[in-house]
2 protein chains.
Amino acid sequence: MPTRQQEKSRQTMEELMAAAMLLFSENGFAQTSIAEITARAGYAKGSFYRHWESKNQLFLQIVEQKLYEYRNVRDRRIEDAHDLEEALNIIWDFLESMALDRQWAKVFLEFTVHSARDMELRTEMRRRQYRLSESLFAKLVRRFVTSDYPAEKIGALNTALFEGYMVHNALETGVLNLHDVREAAIALALEKGIRQSG
Amino acid sequence: MPTRQQEKSRQTMEELMAAAMLLFSENGFAQTSIAEITARAGYAKGSFYRHWESKNQLFLQIVEQKLYEYRNVRDRRIEDAHDLEEALNIIWDFLESMALDRQWAKVFLEFTVHSARDMELRTEMRRRQYRLSESLFAKLVRRFVTSDYPAEKIGALNTALFEGYMVHNALETGVLNLHDVREAAIALALEKGIRQSG
DNA sequence: GTCATATTGTGACCATCGGTCATTTTCAGG
DNA sequence: CCTGAAAATGACCGATGGTCACAATATGAC
């Protein structure tokens, strides 16, 4: 059982996380300073580093918390899928739940691209299943793929369409909506995964 | 005709640009400081601001220079296209030429996402045709679209697949190659653009 | 209660960043 | 030469992510 001190520490951490989530979604990852986060929660800057070793680590923890429930639902539902189309729809339900909060979707994308220059961070992200990786996607749908088109590529194409839509959305060009992308991605995956390729 | 001083100024600018291009492609946009650029070219930091008003402006100028020739070739070739497939292949030749230099593709993507928080910068990028916007894409292919699926959406889906691939590539996951994406994007566009939808 | 100890909280400090600007250096034209 | 204009400089500014010696506070043995 936690001591009173540990309890206090946990509460401080949660207050800092709450402030950070608010500021990240309002102003983005790069534009949110650690001093802002601690000030918003009523602490001094130094307190931040009692709980996380960097802004990256805080962000990873927030994402982990945000995605935990979604992922469980997805993985539970996908076991009951009967064909590729059903599996894809379950995956896209999950992807949509991420994209629907436009502010957060923007921050997700920002962090994904930010990680491109930091191999350690990318490794950490893979470990925490931050992105729907190609291998994970492949694992989810492989049993339904009847063509000789690799399941990893089907996954990667779907992820590409999703993340490309995230860029489109972040730039607020507004031509595509989620339904368009989902429909196109599933059509593409069915074409590749069911029909025999050339 | 330029005076010797103007000539010197132009040369300094080119030296700074050359240093910047090298450093951007090596370390990315955010990770390259103005002091690094000027030091590499053998000048003091203040010299930078005689030629550009910000790091963003320098980057836009570099991109403009890099894309100018590619764009001309694309727009000249596309006038001779006879159907949607030909037009799409010409556009994807252009997109591939951008993606082939993996280092620069990474920087392009970084800057695109960086611009998501800066409306003025996005406006400037549109003005300079930094991205293959949906409206430009639509203009290039509209005359070949026979279905009732909006040309803008076909363009946006292609751009999404391309930029999603850029993300994929930046993270070095390595499952997809350019050929996979191009083939899938063109198949998708033909499906939407030629066959009657719904 | 008291006091040594362990934990939590603090904010001055550091190097670095993009950007500014008064000052110095360079150089063309008379 | 001399002078005015243009080019080059680097100290300086506020802000950043991150560090760390120190202050405040809670804990457990007595």
Side-chain angles (χ1 to χ4, degrees), chain A residues 1-20 23-24 26-62 107 110-111 114-115 117-118 120-121 124, chain B residues 1-21 23-24 26-62 107 110-111 113-115 117-118 120-121 124:
Chain A
M1 74 178 202
T3 68
R4 269 241 300 272
Q5 271 188 340
Q6 284 170 329
E7 176 59 27
K8 181 77 166 66
S9 176
R10 193 191 56 77
Q11 190 182 323
T12 301
M13 196 185 84
E14 280 177 10
E15 286 168 23
L16 288 171
M17 269 185 79
L23 289 165
F24 283 151
E26 270 176 5
N27 308 321
F29 179 76
Q31 301 296 320
T32 298
S33 74
I34 288 166
E36 272 180 295
I37 294 170
T38 51
R40 182 90 159 216
Y43 293 92
K45 191 172 151 189
S47 286
F48 181 93
Y49 293 93
R50 292 228 164 266
H51 302 279
W52 301 277
E53 66 181 28
S54 70
K55 207 164 71 159
N56 284 345
Q57 292 301 317
L58 161 63
F59 193 82
L60 285 172
Q61 189 177 332
I62 289 176
V107 187
E110 179 188 358
F111 197 74
H114 162 69
S115 78
R117 297 274 165 198
D118 186 333
E120 278 185 44
L121 182 54
E124 182 82 355
Chain B
M1 69 177 201
T3 69
R4 268 243 296 270
Q5 271 187 340
Q6 284 171 327
E7 176 60 25
K8 180 79 165 66
S9 176
R10 191 191 58 78
Q11 190 182 324
T12 300
M13 195 184 85
E14 281 178 8
E15 288 168 21
L16 289 172
M17 268 185 80
M21 286 170 74
L23 290 166
F24 283 151
E26 271 176 6
N27 308 322
F29 179 75
Q31 301 297 320
T32 298
S33 72
I34 288 166
E36 271 182 294
I37 295 170
T38 51
R40 182 91 158 215
Y43 294 92
K45 191 172 149 188
S47 286
F48 181 93
Y49 294 93
R50 292 223 154 267
H51 303 280
W52 302 277
E53 65 181 31
S54 70
K55 205 163 75 158
N56 284 345
Q57 292 302 314
L58 161 63
F59 193 82
L60 285 172
Q61 189 177 332
I62 289 176
V107 187
E110 181 188 357
F111 197 74
V113 173
H114 162 70
S115 78
R117 298 270 167 200
D118 186 333
E120 278 184 44
L121 181 55
E124 182 81 355

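Labels below follow one simple rule: chain letters A, B, ... track the order of the sequence lines, proteins then strands, and each chain is numbered from 1.
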(message) Check this for me: does the side-chain of B:R50 come within 3.5 Å of the base of D:dA6 through a donor and an acceptor?
(response)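 Between D:dA6 and B:R50, which were checked side chain against base, a qualifying N/O pair under 3.5 Å is absent.
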Rounded to the Å, how far apart are [X] [atom1] and [N] [atom2]?
X: B:I37; N: C:dG19; atom1: CD1; atom2: P; result: 10 Å
X: B:Y43; N: D:dA7; atom1: OH; atom2: P; result: 12 Å
X: B:W52; N: C:dG18; atom1: CH2; atom2: C1'; result: 15 Å
X: B:R10; N: D:dA6; atom1: CZ; atom2: P; result: 18 Å
X: A:H51; N: C:dT8; atom1: NE2; atom2: C1'; result: 8 Å

Of all the heavy-atom pairs spanning [X] and [Y], show the shortest one and how long it is.
X: B:K55; Y: B:I34; value: CD-CG1, 4.0 Å
X: B:T32; Y: B:L23; value: OG1-O, 3.2 Å
X: B:L16; Y: B:S47; value: CD1-O, 4.4 Å

(message) According to side-chain hydrogen bond (donor to acceptor under 3.5 Å, both in side chains), who are the partners of B:E124, at least two apart in sequence or on a separate chain?
(response)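 Expected list: B:R127, B:R128.
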(message) Would you say A:T12 places a side-chain N or O within less than 4.0 Å of OP1 or OP2 belonging to C:dT8?
(response)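 No, A:T12 has no side-chain N/O under 4.0 Å of OP1/OP2 on C:dT8.
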(request) State whether A:K8 places a side-chain N or O below 4.0 Å from either non-bridging phosphate oxygen (OP1 or OP2) of D:dT25. (result)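 No, outside the criterion.
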(request) Kindly assign one of parallel, tilted or perpendicular to the pair B:F24 and B:F29, based on the angle between their ring planes and the thresholds 30° and 60°. (result)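 Tilted.
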(request) Look only at the side chain of A:S54 and the backbone of A:Q57, and say whether a donor-acceptor pair between them is shorter than 3.5 Å. (result)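 The answer is yes, because a donor-acceptor pair under 3.5 Å joins these two groups.
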Distances for protein N/O vs nucleotides 13-20 of chain D N/O pairs under 3.5 angstrom?
from   : atom 1 : to    : atom 2 : distance (Å)
D:dG17 : OP1    : A:T32 : O      : 3.4
D:dG17 : OP1    : A:K55 : NZ     : 2.8
D:dG17 : OP2    : A:I34 : N      : 3.0
D:dG17 : N7     : A:K45 : NZ     : 3.2
D:dG17 : O6     : A:K45 : NZ     : 3.3
D:dG18 : OP2    : A:Y49 : OH     : 3.3
D:dG18 : OP2    : A:K55 : N      : 3.3
D:dG18 : N7     : A:K45 : NZ     : 3.2
D:dG18 : O6     : A:K45 : NZ     : 2.4

